Amino acid sequence: MPDAPEAHASDFRLYNTRTRQVEPLAPAEQTAAGEGKPVPHLRFYACGPTVYTFAHIGNFRSFLTADLIQRTARALGWQVTYVSNVTDVGHLSEDDLTDPAGEDKMAQALEEEGRRFANVYDLARFYTEALVEDWRRLNLREPTVRPRATEHMAGQIKAVEKLVERGHAYETEQGVYFSVESFPGYGALSGNEEAQSLQASGRDTVTDPEKRDPRDFALWKKDPDHLMQWHSPWGWGFPGWHIECSVMGRAYLGETFDLHTGGEDLIFPHHECEVAQNESLRDNTGDESGGPSIRHWAHTRFLQVEGEKMSKSKGNFFTVRDLALPRDEGGEGIDPLALRLTLISGQYRKPFNFTRKTLRDSAQTVRRYREVRERAEKALEEDAGGDDDRAGTQLDAIYDRTLAAMCDDLNTPAALAAAYEGIKLLRGIEEEMNGATARSAMDWLEKTNALLGIVGYDTGETDRAAKKEPGAVDDAFAQQVEALLAERADARERGDYERADAIRDRLEDEMDVEVMDNPDGTDWRRKLSV
RNA sequence: GGUGGCGUGGCCGAGUGGUUAGGCAGAGGCCUGCAAAGCCUUGUACGGUGGUUCGAAUCCGCCCGCCACCUCCA
């Protein structure tokens, strides 16, 4: 690995929802890495999904923000501990009331898919596995830890007990609630500081009559009939939604940590409640840790699809697999890395309009990255000589600008624009790459890929997905194409262009192959499938 | 009603006081049997209005429009 930290003095700046400004992301901890030189150690928590269905592209926009934060930190030479949870407990669809039907999202999903799953646990397991598959398909790196809410039940119960002991929570006939009044800072993160606005919001459905304040939220729900239930000091029941993230974050990252990320909808109530819980659970309130338990908050804005809110009823609702699964497995066969590129082509903090057009552009861009890599690989395989490395210094400068853009509040559009200059530079080289250029190109591609993840997969485990890439074809198909091209070459030599064009039409229209005649032969490739 | 954000050329999207963002599409050219691919060149912009300033897309006011959250949708 190159010693990145010295090469780039730039701070990693990120908008902080808590302070409402862009500020340096400053890891509190320095860790001795390798040769003993201490490096910043970023420790953060990214809210993951509830696994009651397949994750959609909007979910992944949010997960990609965490992925890019991690990649940028690593590119700066930082150490990273990155926790991303899986919520595999179904929480009530209405927090304050016991749903008359006693149902939550997981239970509803089970009802709809009862034939496929024996119980909610099977359903959760299935969708957790699907999540991880999609995660890899889009080339997101695995988090350091991926905890599940059900694995932290004892911790959640203990946390609720502690909150009760400390006077931050109280029990009613129906459950245990956090007392918002007991935590003066409530509302600071989201700006929802007025109790009135909550009451005025018109959501005043059936609430627990014993609740002391409309803002109070559930920590534990008593419900011996719930599909998922655990034994607690308050009888059988299940935990409130917000407590799981507090408990898992504290379990793996401690009482204070650097950063917490999630979708914009989580700012309130989820993260607001998490702050209330974390601060109330904290023991080290002294100065040694100083400041809030979670210093930096980053939230990803929702994406829209073709200018509209993504929703099932509008027919513009896409899961990763709808788009990126190969055609023979029920998807659209879109290159997963093109989908990834599309999802990061807007800055995380601005509304992003996901369109087919952008997807098509991205597919082309990803293919160009690949073609450049293939050219460089070929030059290296052929042991190309030459030490004229003019491209190298330019590529270094390009990479520096790419990283600098990422450090500027994850300005992915600017970063991608900078990186694309490298592609233009390398594509502009007309003759075969010399050895030095090819090596520089490979180095640059590797670094750029480590940062943005759009060139190829990091690990071997996703090779299966890679084989389904557009352009990757099986031998039988290739032989068929080559045979037709040979026939066409004959026809062209005879001057029978009618015949030659008929063959080309067949290749293009029926076999989705692009035919490209060069001075020294004919190349072909699969058309993009977007 | 409260809170946060946005409005840039045909489209997507950078830029936050004076200097080209970039991509895609479009136009012209090179190459080609014709195409495709590729390469070169290239036009169009800052929601409206008032103000600050030598100068504003960029700062401030007002207006219009759009989006999100306000109890579980990332």
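Every chain is numbered from 1 and lettered A, B, ... according to where its sequence line falls, protein lines coming before strand lines. Remember, it's a predicted structure, so these values are computed and weren't measured experimentally.
- Residue H299(A) contributes atom NE2, which lies 12 Å from atom C1' of rG4(B) at whole-angstrom precision.
- Across all strands, Y420(A) comes closer than 4.0 Å only to sugar-phosphate atoms, never to a base (heavy-atom distances).
- Using a 4.0 Å heavy-atom criterion, one finds that E421(A) contacts no nucleic acid atom at all.
- Residue R301(A) has no polar side-chain atom (N or O) positioned under 4.0 Å from OP1 or OP2 of rA74(B).
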Task: Worked verdict on R492(A) versus D496(A) for salt bridge (Lys or Arg N to Asp or Glu O under 4.0 Å) - done: CA-CA 6 Å; R492(A) 289 179 73 201; D496(A) 183 358; over 6 Å; no
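- Straight-line distance from the CZ atom of F302(A) to the P atom of rG5(B): 17 Å, rounded to whole Å.
- Contact check for L484(A) versus R506(A): side-chain heavy atoms found under the 4.5 Å cut-off.
- The CH2 atom of W297(A) sits 18 Å away from the P atom of rC69(B) (whole-angstrom rounding).
- At least one side-chain nitrogen or oxygen of K309(A) sits closer than 4.0 Å to the OP1 or OP2 atom of rC69(B).
- D88(A) contributes a side-chain N or O that, together with a main-chain N or O of A149(A), makes up a donor-acceptor pair within less than 3.5 Å.
- S190(A) comes within 4.0 angstrom of sugar-phosphate atoms only, judged by non-hydrogen atoms across all strands, and of no base.
- Spacing between atom CZ of R61(A) and atom C1' of rA68(B) amounts to 12 Å, rounded to whole angstrom units.
- For rG43(B), there is no paired nucleotide, since no Watson-Crick or G-U wobble pair has both relevant distances below 3.5 Å.
- Residue contacts shown for L303(A) include a base, since a base heavy atom lies under 4.0 Å away.
- The side chain of D361(A) sits closest to rC24(B) out of rC24(B), rG38(B), rA74(B).
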Task: Candidate pair H260(A) and H296(A), rule ring-ring contact (aromatic ring centres under 6.0 Å, His included), full reasoning - done: CA-CA 6 Å; H260(A) 195 307; H296(A) 214 117; over 10 Å; no
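- Heavy atoms of R375(A) sit nowhere under 4.0 angstrom from any nucleic acid atom.
- In this structure, the CD atom of Q347(A) is 14 Å from the C1' atom of rU16(B), given to the nearest Å.
- Across all strands shown, I267(A) has no heavy atoms under 4.0 Å from either base or sugar-phosphate atoms.
- Pairing for rC69(B) goes to rG2(B), judged as Watson-Crick or G-U wobble with the two contacts each under 3.5 Å.
- Within the 4.0 angstrom heavy-atom criterion, no nucleotide atom of any strand lies near R360(A).
- Atom CD1 of I344(A) and atom C1' of rG22(B) are 15 Å apart (whole Å).
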Show the distances under 3.5 angstrom between N or O atoms of the protein and N or O atoms of nucleotides 17-19 of chain B.
none

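- Counting non-hydrogen atoms under 4.0 angstrom, T300(A) reaches nothing in the nucleic acid.
- Taking the six-membered ring for Trp and thresholds of 30 and 60 degrees, W297(A) and H299(A) have nearly parallel ring planes, at less than 30 degrees apart.
- Summarising the base pairing, rC31(B) is matched to no nucleotide, lacking a Watson-Crick or G-U wobble pair whose two defining distances lie under 3.5 Å.
- For the C1' atoms, the distance linking rG38(B) with rC6(B) amounts to 39 Å, nearest Å.
- Between F183(A) and F178(A), the angle of the ring planes goes over 60°, which puts this pair in the perpendicular group of the 30/60° scheme.
- In terms of position on RNA chain B, the residue among N518(A) and E498(A) whose nearest nucleotide sits closer to the 5' end is E498(A).
- Counting non-hydrogen atoms under 4.0 angstrom, R20(A) reaches the backbone sugars and phosphates but no base.
- Backbone-only engagement by Y15(A) is indicated by non-hydrogen atom pairs under 4.0 Å involving sugar-phosphate atoms exclusively.
- In this structure a side-chain-to-backbone donor-acceptor pair under 3.5 Å is missing from T87(A) to V89(A).
- Across all strands, Y52(A) comes closer than 4.0 Å only to sugar-phosphate atoms, never to a base (heavy-atom distances).
- The P atoms of rA14(B) and rG50(B) are separated by 29 Å, rounded to the nearest whole Å.
- Ring geometry for F54(A) versus Y127(A): interplanar angle over 60°, hence perpendicular rather than tilted (30 to 60°).
- Counting non-hydrogen atoms under 4.0 angstrom, R401(A) reaches nothing in the nucleic acid.
- Within the 4.5 Å cutoff, the side chain of K527(A) has no heavy atoms near those of the V513(A) side chain.
- Within the shown strands, rG51(B) is the pairing partner of rC59(B) under the Watson-Crick or G-U definition, both distances less than 3.5 Å.
- The aromatic ring of Y497(A) sits over the base of rG33(B), with ring centres less than 5.5 Å apart and planes tilted by under 30°.
- Between F217(A) and Y186(A), the two ring planes are parallel [angle under 30°; tilted spans 30° to 60°].
- A distance of about 15 Å separates the P atoms of rC60(B) and rG18(B), rounded to the whole Å.
- Counting any heavy atom pair closer than 4.0 Å across all strands shown, N353(A) reaches sugar-phosphate atoms only and no base atom.
- Base pairing of rC11(B): its partner is rG23(B), meeting the Watson-Crick or G-U wobble criterion (both donor-acceptor distances under 3.5 Å).
- When heavy atoms are screened at a 4.0 angstrom cut-off, D501(A) is found touching base atoms of the nucleic acid.
- When the P atom of rA14(B) is taken as reference, atom OH of Y348(A) falls 12 Å away, rounded to whole Å.
- The distance from atom CG of D216(A) to atom P of rC72(B) is 16 Å, rounded to the nearest whole Å.
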